[in-house]
Amino acid sequence: MSRYVIDKKALDDNIELVKKLAGVPVIGVVKGNGYGFGIKELTAVLKAHDIKTFAVTEVTDIPILKEVLDNEDILVMRSTCVKSEAELIAKNGATATIGSLESAKIMDEVSKELGVKTKCHLKIDTGMGRYGFMPSEIESAIKCYSFENLKFTGIYTHFSSAFRNSELTKAQLTMFKDTAQKIKDEVGETGIMHAANSPALLNVDGVSLDSVRIGSAFTGRVITRNKTGLTRLGSLEAEVVDTKVVPAGYSIGYNGLYTTKRETKIAIVPIGHYDGFGLAKEKEQYDLRYSMSVFKRYLKKQQMYVRINGEMHYVIGGIGLSHTAVDITGTDIKPGDIASVDISPLMVNPRIERVYK
């Protein structure tokens with residue numbers, strides 16, 4: 001049975017390094033099933049490192065988080081005009097994102113009906129182009145602060161290109177600060193200011209503000225230009241379930257994509273597309289284009305591979321839904337030996353068990 005394995009000690013080290021680099025309180029972003037590390041599992045670890053605020057994008061994650069949290073804050077990074085979503089946020093005492101006047105109206109209406117005052121963070125759009133008030137919409141943004149059932153405790157933006165464009169990121173930061181100040185001049189206190197995500201913290205100086213939102217940096221899988229000291233975490237593992245020897249000229253895989261050139265020993269590993277291994281559009285199409293892509297990878301020595309007992313062995317015959325054939329010729333690999341593949345946790349099926357070691 002496959003499982004996704006995370007080195008707990010290395011994760012602890014990543015978290016502490018991020019906290020040191022930030023120099024301000026860290027908001028633990030656990031969207032996307034905790035960036036693939038398991039939302040409850042990662043949240044519990046972050047909480048143990050004294051992180052007090054957690055962020056998600058799906059409102060359905062709120063009840064899941066509350067199972068492992070006590071009095072920590074939950075920030076929903078989605079400005080929503082859907083009443084049922086607003087109700088879920090307000091009922092659970094989570095913090096809403098307000099990115100439009102309409103979303104403020106809906107959240108105020110729901111809060112009044114429930115007899116609560118909902119905490120909110122105002123979202124400023126400085127170039128991402130999704131949620132948030134553009135700097136030209138300051139008047140509308142200011143109106144949000146007049147709703148009686150909303151309590152604004154923060155204001156933020158999101159950088160669009162922090163992983164590759166420092167100058168643009170700095171320009172967005174300046175725009176955000178200017179816009180936030182104009183709003184503050186009109187309404188008074190606006191709460192904490194935050195803008196930096198993982199790429200921004202690791203690539204651009206001076207972006208921390210009052211807090212930073214970190215997700216991918218915890219996994220060590222974040223795009224940066226320089227060495228960060230973070231450890232790349234996560235591997236998909238399973239035991240070899242069988243081995244066999246086939247003669248030269250034997251076809252392996254769907255449509256005979258691979259033909260052995262010599263007597264070949266094969267290991268069968270129960271990892272495939274269902275688990276998240278090798279997921280790509282081209283690999284879902286067993287046609288000429290896929291065959292050509294395999295051939296090109298072969299010429300470039302870029303075949304997919306699996307590590308068994310720590311050694312690299314190439315995949316042959318393509319990757320199936322739940323099985324992969326691996327060339328283990330010349331080895332004493334046997335059923336029960338551990339096979340692993342380096343794969344982004346975001347690509348791993350959420351149903352696969354996350355194991356912290």
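Just so you know, these numbers use all the heavy atoms, side chains as well, and skip hydrogens, waters and symmetry mates.
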Undergrad: Between Thr53 and Glu72, does any side-chain donor sit less than 3.5 Å from a side-chain acceptor?
TA: no
Undergrad: State plainly whether the residues Asp242 and Lys244 are in salt-bridge range, i.e. N to O under 4.0 Å.
TA: no
Undergrad: Looking at Lys19 and Glu16, is any side-chain nitrogen of the basic one under 4.0 Å from a carboxylate oxygen of the acidic one?
TA: yes
Undergrad: Below 4.0 angstrom, N of the basic side chain to O of the carboxylate: do Lys40 and Glu67 qualify?
TA: yes
Undergrad: Would Val204 end up clustered with Val24 when hydrophobic side chains under 4.5 Å apart are linked, directly or stepwise?
TA: yes
Undergrad: Salt-bridge test for Asp342 and Arg307: reply yes if a basic N is under 4.0 Å from a carboxylate O, no otherwise.
TA: no
Undergrad: Provide the full list of salt bridge (charged side-chain N to carboxylate O under 4.0 Å, His left out) pairs with a residue in residues 138-160, sequence neighbours left out, each pair given once.
TA: none
Undergrad: Got a sec, which residues hit ring-ring contact (aromatic ring centres under 6.0 Å, His included) with Phe163, two or more places apart in sequence or on another chain?
TA: none
Undergrad: Is there a path of hydrophobic side-chain contacts, each under 4.5 Å between heavy atoms of I, L, V, M, F, W or Y residues, that connects Tyr131 with Ile155?
TA: no
Undergrad: Taking only residues two or more places apart in sequence, or in another chain, which ones meet Asp327 in a side chain to side chain contact (heavy atoms under 4.5 Å, CB included)?
TA: Arg262, Thr264, Ile316, Thr329
Undergrad: Please collect all salt bridge (charged side-chain N to carboxylate O under 4.0 Å, His left out) contacts where either partner lies in residues 195-216, sequence neighbours excluded, each pair once.
TA: none
Undergrad: Quick test of your reading of the model: are Asp12 and Lys8 salt-bridged, counting only N-O distances below 4.0 Å?
TA: yes
Undergrad: Any salt bridge linking Lys112 with Asp108? Criterion: basic side-chain nitrogen under 4.0 Å from a carboxylate oxygen.
TA: no
Undergrad: Are more than 12 heavy atoms, taken from residues, nucleotides or ligands other than Asp70, located less than 6.0 Å from that residue's CG atom?
TA: yes
Undergrad: Going by the rule ring-ring contact (aromatic ring centres under 6.0 Å, His included), which residues pair with Phe176 if we only count those two or more places apart in sequence or in a different chain?
TA: none
Undergrad: Could you name each residue pair satisfying side-chain hydrogen bond (donor to acceptor under 3.5 Å, both in side chains) that touches residues 85-105, not counting sequence neighbours?
TA: Arg78-Glu85, Ser79-Ser103, Thr80-Glu85, Thr97-Tyr156, Ser100-Ser103
Undergrad: Are any non-hydrogen side-chain atoms of Asn309 and Ile333 less than 4.5 angstrom apart?
TA: yes
Undergrad: So does Met128 have more than 12 non-hydrogen atoms from other groups sitting under 6.0 Å from CE?
TA: yes
